2 protein chains.
Amino acid sequence: MVALVKEKARALRAAPDKAVKARVLPVNRILRGDCIEMMRSLPDASIDMIFADPPYNLQLGGDLARPDGSHVDAVTNDWDKFSSFAAYDTFTREWLAEARRLLKTDGSIWVIGSYHNIFRVGAILQDMGFWILNDIIWRKANPMPNFKGTRFTNAHETLIWASKSEKSKYTFNYRAMKTLNDELQMRSDWVLPICNGQERLKRNGTKAHPTQKPEALLYRVMLATTNKGDVVLDPFFGTGTTGAVAKRLGRDWIGCEREDSYIEVAEERIEMALPLDESALATMQSKRSAPKVAFGALVESGWLAPGAKVFDKKRRFTATVRADGSLQAEAETGSIHGLGAKLQGAPSCNGWTFWHVEHEGEVKPIDALRQLYLLAVED
Amino acid sequence: MVALVKEKARALRAAPDKAVKARVLPVNRILRGDCIEMMRSLPDASIDMIFADPPYNLQLGGDLARPDGSHVDAVTNDWDKFSSFAAYDTFTREWLAEARRLLKTDGSIWVIGSYHNIFRVGAILQDMGFWILNDIIWRKANPMPNFKGTRFTNAHETLIWASKSEKSKYTFNYRAMKTLNDELQMRSDWVLPICNGQERLKRNGTKAHPTQKPEALLYRVMLATTNKGDVVLDPFFGTGTTGAVAKRLGRDWIGCEREDSYIEVAEERIEMALPLDESALATMQSKRSAPKVAFGALVESGWLAPGAKVFDKKRRFTATVRADGSLQAEAETGSIHGLGAKLQGAPSCNGWTFWHVEHEGEVKPIDALRQLYLLAVED
DNA sequence: CTTGCTATTGAATCTGAAG
DNA sequence: ACTTCAGATTCAATAGCAA
C-alpha cells in the first residue's frame, strides 16, 4: 500500500495533467469509510485545498424544548461524541496529520467549527506548523434563537483558513473576492443565510444531515482560494456540499464519508449539479496575472516620444523620457519606479500610477497609455 | 503574605459588604507591577468578573506601507514579543491560573484576542476547567484594510466569555441586552467602531496606547455580565478603559499594569469619568447595522446563476453574469456599476436599477431580486 | 455657520519573479 | 538561499483647513 502511494505521488509530480491526475487520484468520487484510513490511501502532496467540517464535540446536556413546548432537534449523533477534550484532540491531530501529508506545499486548508471545538482545532493547526491566514466569521442571517435566554444568541460559526506552512504561496483570488463584494475588499466576516428551504436535503421528510452547510459558503471559499481544475478534498463529506459546489465551479473533488445514508444523498445531489460553462466561470483577474508591459515598449512603439515630459499629479516633480525608457529629472535618472521612489524619498513607488502625461488634452497616468497599448496589441 | 491573603478571603466570605470589601480588596486602584505577581496579592474567590486584553503575540514581519507610501504604525512593543507558541502558552497558563483562583465560584471571565492568540487561549481555558458560554465577535465597523491584497481584511476580534466552571450560576442580564438591541435577543456578533477620534487617548500628540479598546465594548460586556457593586478585575489594564466604564456603571474595579506611562494616563482618565445616565447608553451603543447586499451575494446564494443574462431597460446592452458577480459584455467586463457606466460612456451608473432580468415571466431590475433576497434573509 | 476637500490613521502574522 | 527590482495595493472616520 505504501509503495503504491509513493508511486502515485511520483506520477503526480512528474506529469500533473488531467489524465494522470484521474489515474492516480480517485477524483470526483466518494471514498466510503473512516476518513483517516481513506486519506491514507491517497498520495503525498496531491491535494490543492482541503475543506473540513469535523464533528464539533457539542457536549449537549439533556433535551432542549422551545418556549412553546416543541422539541429542538439537536445534534445527538454518535459521531459527535467524545469522552474528553483529550480524546477530541487526539482525533483532531490524527486527521490533520493525514491532511497535512496530502496537501501540496502551496496548498491550504479550511476548517469550520464553533466555540466547542474551534479553539482546540486552531491551536493544533498552529502546533503542527500550519500558518493561519485568516479566521473567518460566518455570521448567520437567521440563527436559532437562545430559547432559554441564558446566553447571547449563538449567531455565527468560525472558519480557519491556513496554508501548509508560513512559506506557502497560497492561492487567493483577491480580485474575484473584491468584485463579489461590490468593489470593496472582502472582509473576514461573511453574512450568509443558514441552509434551509429548497436547499436543505431531506430524506423521508426529515433533514438528511443535521449540519448541512449552505452552498453559498463553499462557493465563496472555493472561488477565493482555489483555481479551476484544482483538487479539493473534504474528509467529512456528509451530504456533499463540497462536491456539489466543486462540480459547479469546475474543480475536482474527493470526499470521505462513513455513513451510507449520507453517501446516497450526496451522490444523487452531485449527479444533479450542473457545471457552469467556461464563460460564466471566468472571474476578474488581478493585475498581477496580466501580461507585463515594459515602459520602454511604449517608447519604442511611439506611444510616448523620447524627450516627452512626465510629471506627478501635483506637478511637484517633472522628468524627461529617454530613448531607452528611463527617466531623467535634473541630475537623477532611473526607471519610472526607481526615479519616482527616489524623488519622493519613498521605499518604493508604482511609476505607472505616479507619473502622468498630457494626452489628447487631458492629464492621465501613464498607466492609461499602457491600457491603450495593450488593447492595440491584442488580437 | 499567604496568611494575609487567607485571612482576607475569610473576611470577605464572612461579611461581603462595602466597607469590608474596601478593607480587604484594593478596590478602584491600579496595582503597579507584573500582573501575575499583583494578582498573587489578592485573596481567593474575591472577584466577580475578569476582563483581560492580553498581548496577542502578533509576530509581525518587516515594515508595511500603504498604497500611498505612508507608513503603518504597527504594534512593536516588547510586551507583545514571545519566543514561541510554547512560551506564549506558559504565560497564558500562569496568568489564567491566578485569575481562576481570584474568581468567585459564580464569576466569569472575558478574554479578547485575534487569530494569533485566541485559539490557544480558548483551548487553555477549557483545559483549566473554565466553561465557555459564548464566543463573541466584535465586527469592526472601520477596520484597517489589507493594503497588499493578500488576504481577507481582518475585520474582527474575538472575545471568549467563560464561567469558572460548568456549574457556575453566572450573571447574564438578558433583559438589558434585549432592550439594548431593539427588543431582539443580543447576538454573538457585535458591530462597534474601533476606538478613534476624541475617545482615543493621546500623549504628546501621539496615541497613548497602541491597542486602546472602545468604551462601548466594555460597556456591553459589563452591562451584560455584572451587577452594580460587583468587582471587576483587569489584569492588563493599559490606559484603563475597564476602570473608566466600571466607574460609570457603578461597578468597582481593580487594574494591574506595569508601564508607568499607561498608569499615568489611566489615572487621569478615570478621575475624569462621570457616571453616565441611562439615556446616554442608547446613543453610544450602535444598533445592528443593516447588512448591505453585494450583487455577488445574489450569485453565491443562487438567486441569479452565473451565465444568466442581464440587460438594460431598452435592451441596448446585454451582459452575462460571471461566477464572481462581475458582468461581461463582449470584450468588456466589470462590476454591475462599472460596466453599466462604461457601456453608456457615463461617469457612473447605479447597476441595481440599470440592469434587468427576466424573473417569473416579468422584466425586473436586479434591485427587485435584492429586495426578495433581503426579505428571505431577514429574521 | 456650513460645506467640501485633503491629510491622517487604525492589534497587520501584507509581493513575487528573475537572476 | 540570496539579492534585485518591477510594480500592485486601501476603507471608514476624523481632524483641519479652505471656500
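Keep in mind that this is a model prediction, so the values were computed, not measured. Letters A, B, ... mirror the listed sequences (proteins, then strands); counts begin at 1.
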Enquirer: Side chain of L184(A), heavy atoms from C-beta onward: which of dA12(D), dC14(C), dT13(C) has the nearest atom to it?
Expert: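 So the side chain of L184(A) is nearest to dA12(D).
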
Enquirer: What's the closest nucleotide to the side chain of L60(B) if the choices are dT13(C), dT9(D), dG7(D)?
Expert: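 Between dT13(C), dT9(D), dG7(D), the one nearest the side chain of L60(B) would be dT13(C).
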
Enquirer: Counting side-chain heavy atoms from C-beta on, which of dA8(D), dA11(C), dT13(C) comes nearest to W131(A)?
Expert: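 Ranking dA8(D), dA11(C), dT13(C) by closest atom to the W131(A) side chain puts dT13(C) first.
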
Enquirer: Distance check, P atoms only: dC14(C) and dA12(D), in whole angstrom units.
Expert: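 Those two atoms are separated by 23 Å.
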
Enquirer: Determine the interatomic distance between C1' on dT10(D) and the same-named atom on dT8(C); round to the nearest Å.
Expert: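 Straight-line distance between the two C1' atoms is 13 Å.
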
Enquirer: Looking only at side-chain N and O atoms, does Y174(A) come under 4.0 Å of OP1 or OP2 in dT10(D)?
Expert: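 Looking at the OP1 and OP2 atoms of dT10(D), one of them is under 4.0 Å from a side-chain N or O of Y174(A).
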
Enquirer: Name the nucleic acid region contacted by C349(A), choosing base, sugar-phosphate or nothing; use a 4.0 angstrom heavy-atom cut-off, strictly under.
Expert: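 If one applies the 4.0 Å heavy-atom cut-off, C349(A) turns out to touch a base.
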
Enquirer: Under a 3.5 Å limit for both distances, which nucleotide forms a Watson-Crick or G-U wobble pair with dA8(D), could you say?
Expert: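 Its partner: none found.
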
Enquirer: Rounded to whole angstrom units, what separation is found between the CG atom of N77(B) and the C1' atom of dA12(C)?
Expert: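 Distance, rounded to whole Å: 14 Å.
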
Enquirer: Considering every strand and a 4.0 Å limit on heavy-atom distances, what is the contact class for A65(B): base, sugar-phosphate, or nothing?
Expert: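 Touches nothing.
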
Enquirer: Hey, does G351(A) reach any base, or is it just sugar-phosphate, or nothing, if we go heavy atoms under 4.0 Å?
Expert: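 If one applies the 4.0 Å heavy-atom cut-off, G351(A) turns out to touch nothing in the nucleic acid.
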
Enquirer: Considering only the P atoms, how many Å lie between dT13(C) and dG7(D), rounded to the nearest integer?
Expert: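 Taking atom P in both dT13(C) and dG7(D), they lie 27 Å apart.
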
Enquirer: Rounded to whole Å, how long is the line connecting atom NZ of K292(A) with atom C1' of dA6(D)?
Expert: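 So the two atoms are 6 Å apart, to the nearest Å.
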
Enquirer: Distance check, P atoms only: dT9(C) and dA8(D), in whole angstrom units.
Expert: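 Between the two P atoms, the distance is 27 Å.
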
Enquirer: Return no unless some side-chain N or O of H337(A) is found under 4.0 Å from OP1 or OP2 of dA6(D).
Expert: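 Answer no for this pair, as no side-chain N or O of H337(A) is under 4.0 Å from OP1 or OP2.
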
Enquirer: Describe the nucleic acid contact of P54(B) in one word from base, sugar-phosphate, nothing, applying a heavy-atom distance below 4.0 Å.
Expert: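 Since a base atom lies under 4.0 Å of P54(B), the category is base.
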
Enquirer: With a non-hydrogen cut-off below 4.0 angstrom, is N57(B) in contact with a base, only sugar-phosphate, or nothing?
Expert: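 The answer is nothing, as N57(B) stays clear of every strand by at least 4.0 Å.
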
Enquirer: What's the closest nucleotide to the side chain of N146(B) if the choices are dC14(C), dA13(D), dT9(C)?
Expert: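 Output: dC14(C).
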
Enquirer: Measure the OG1-CH2 distance between T242(B) and W253(B) for me, rounded to the nearest 0.5 Å.
Expert: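 So the OG1 of T242(B) and the CH2 of W253(B) are separated by 10.0 Å.
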
Enquirer: Is a donor-acceptor pair below 3.5 Å formed from side chain K140(B) to base dA13(D), judging by atom type as modelled?
Expert: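 Check fails, no donor-acceptor contact within cut-off.
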
Enquirer: W190(B) vs W110(B) aromatic rings, parallel, tilted or perpendicular, using cut-offs 30° and 60°?
Expert: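 The arrangement is tilted - the two ring planes meet at 30° to 60°.
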
Enquirer: With nearest nucleotide decided by heavy atoms, which residue, K202(B) or N134(A), maps closer to the 5′ end of DNA chain C?
Expert: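 Upstream on the strand: K202(B).
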
Enquirer: Please tell me which of K314(A) and K207(B) maps to the more 5' nucleotide of DNA chain C, matching each residue to the nucleotide holding its nearest heavy atom.
Expert: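 By nearest-heavy-atom nucleotide position, the 5'-most residue is K314(A).
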
Enquirer: Taking any strand in view, what nucleotide pairs with dA7(C) in a Watson-Crick or G-U wobble way, both distances under 3.5 Å?
Expert: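 Base-paired to dT14(D).
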
Enquirer: When the distance from CD of E166(A) to C1' of dA12(C) is rounded to whole Å, what number comes out?
Expert: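 Answer to the nearest Å: 14 Å.
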
Enquirer: In whole angstrom, what separates K169(A)'s NZ from dT15(C)'s P?
Expert: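 Rounded to whole Å, this separation is 9 Å.
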
Enquirer: Would dT6(C) be called syn or anti, given that syn covers angles within 90° of 0?
Expert: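 It is anti.
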
Enquirer: Students often get this wrong, so: under 4.0 angstrom with heavy atoms, is N117(B) touching a base, only sugar-phosphate, or nothing?
Expert: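 Answer is nothing: N117(B) stays at 4.0 Å or more from every strand.
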
Enquirer: Assess the residue pair D78(B) and K81(B) against the criterion (salt bridge (charged side-chain N to carboxylate O under 4.0 Å, His left out)); give the C-alpha distance rounded to whole Å, side-chain angles, the decisive distance to 0.1 Å, and a yes or no.
Expert: CA-CA 5 Å; D78(B) 283 342; K81(B) 297 212 189 314; 5.3 Å; no

Enquirer: Touch check for T211(B), heavy atoms < 4.0 angstrom, all strands: base, sugar-phosphate only, or nothing?
Expert: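 Base contact.
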
Enquirer: For R175(A), is there an ion pair with E183(A) - N to carboxylate O distance below 4.0 angstrom?
Expert: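 Salt bridge flag = yes for R175(A) with E183(A).
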
Enquirer: Considering only the C1' atoms, how many Å lie between dA18(D) and dC1(C), rounded to the nearest integer?
Expert: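 It works out to 14 Å between them.
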
Enquirer: Mark yes or no: R120(B) above the aromatic ring of F85(B), with NZ or CZ under 6.0 Å from the six-membered ring centre and no more than 45 degrees from the axis.
Expert: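 Yes, a cation-pi geometry.
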
Enquirer: How close or far is atom P of dT9(D) from atom CZ of R66(B), stated in whole angstroms?
Expert: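 After rounding, the reported distance stands at 18 Å.
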
Enquirer: Within this structure, what is the CZ-to-P distance between F354(A) and dA8(D), rounded to whole angstrom?
Expert: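 Rounded to whole Å, this separation is 16 Å.
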
Enquirer: With nearest nucleotides of DNA chain D determined for G338(A) and T353(A) from heavy-atom distances, which residue corresponds to the more 5′ nucleotide?
Expert: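 Residue closer to the 5' terminus by nearest nucleotide: G338(A).
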
Enquirer: Please tell me which of the listed nucleotides, dG16(C), dT10(D), dT9(D), lies nearest to the side chain of S286(A)?
Expert: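 Selected nucleotide (nearest to the side chain): dT9(D).
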
Enquirer: Of all the nucleotides listed (dT13(C), dG10(C), dA11(C)), which has the minimum atom distance to the side chain of K213(B)?
Expert: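 My answer, after comparing the listed nucleotides, is dA11(C).
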
Enquirer: What is the separation between atom CZ on F147(B) and atom C1' on dA11(C), rounded to the nearest whole Å?
Expert: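 In whole Å, dA11(C) C1' and F147(B) CZ are 13 Å from each other.
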
Enquirer: Does dT13(C) have a Watson-Crick or wobble mate here (both distances under 3.5 Å), and if so which one?
Expert: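 Partner of dT13(C): none found under 3.5 Å.
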
Enquirer: Distance between the P atoms of dA11(C) and dA6(D), in whole angstroms?
Expert: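 My reading of the P atoms in dA11(C) and dA6(D) gives 35 Å.
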
Enquirer: dA13(D) P sits how many Å from I194(B) CD1, rounded?
Expert: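 Rounding to the nearest Å, CD1 of I194(B) and P of dA13(D) are 9 Å apart.
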
Enquirer: From the options dT9(C), dA12(C), dA8(D), select the nucleotide whose nearest atom is closest to the side chain of K287(A).
Expert: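 Of dT9(C), dA12(C), dA8(D), dA8(D) is nearest to the side chain of K287(A).
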
Enquirer: Going by an N to O cut-off under 4.0 Å, is there a salt bridge joining D106(A) and K169(A)?
Expert: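 Salt bridge: no.
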
Enquirer: For R66(B), is there an ion pair with D68(B) - N to carboxylate O distance below 4.0 angstrom?
Expert: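 No, D68(B) and R66(B) are not salt-bridged.
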
Enquirer: The side chain of F85(B) is closest to which nucleotide in this list: dA11(C), dA12(C), dT13(C)?
Expert: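 Shortest atom-to-atom distance from the side chain points to dT13(C).
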
Enquirer: Using OP1 and OP2 only, check whether a side-chain N or O of S335(A) sits under 4.0 Å from dA6(D).
Expert: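 Yes, S335(A) has a side-chain N/O under 4.0 Å of OP1/OP2 on dA6(D).
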
Enquirer: Applying ring pair (Phe, Tyr, Trp, His ring centres under 6.0 Å) between Y170(A) and each of F130(A), W131(A), W161(A), report the one that passes.
Expert: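 The residue from F130(A), W131(A), W161(A) that satisfies ring pair (Phe, Tyr, Trp, His ring centres under 6.0 Å) with Y170(A) turns out to be W161(A).
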
Enquirer: Just call it for I132(A): base, sugar-phosphate, or nothing, with non-hydrogen atoms closer than 4.0 Å on any strand.
Expert: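 Base contact.
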
Enquirer: dT13(C) base to R151(B) side chain: any donor-acceptor pair below 3.5 Å?
Expert: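 Check passes, donor-acceptor contact within cut-off.
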
Enquirer: Could a donor-acceptor pair under 3.5 angstrom be found where the side chain of R370(A) meets the base of dG7(D)?
Expert: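 Looking at the base of dG7(D), it does not pair with any donor or acceptor on the side chain of R370(A) (distance under 3.5 Å).
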
Enquirer: Name the residue closer to the 5' end of DNA chain D, choosing between Q198(B) and R288(A) according to the nucleotide with the nearest heavy atom.
Expert: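 Result of the comparison: R288(A).
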
Enquirer: Is the Y262(B) to H209(B) ring centre distance short of 6.0 Å?
Expert: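 When the ring centroids of Y262(B) and H209(B) are compared, they turn out to be within the sub-6.0 Å range.
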
Enquirer: Would you say N350(A) reaches dA8(D)'s phosphate, i.e. side-chain N/O to OP1/OP2 under 4.0 Å?
Expert: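 For dA8(D), OP1 or OP2 has a side-chain N or O of N350(A) closer than 4.0 Å.
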
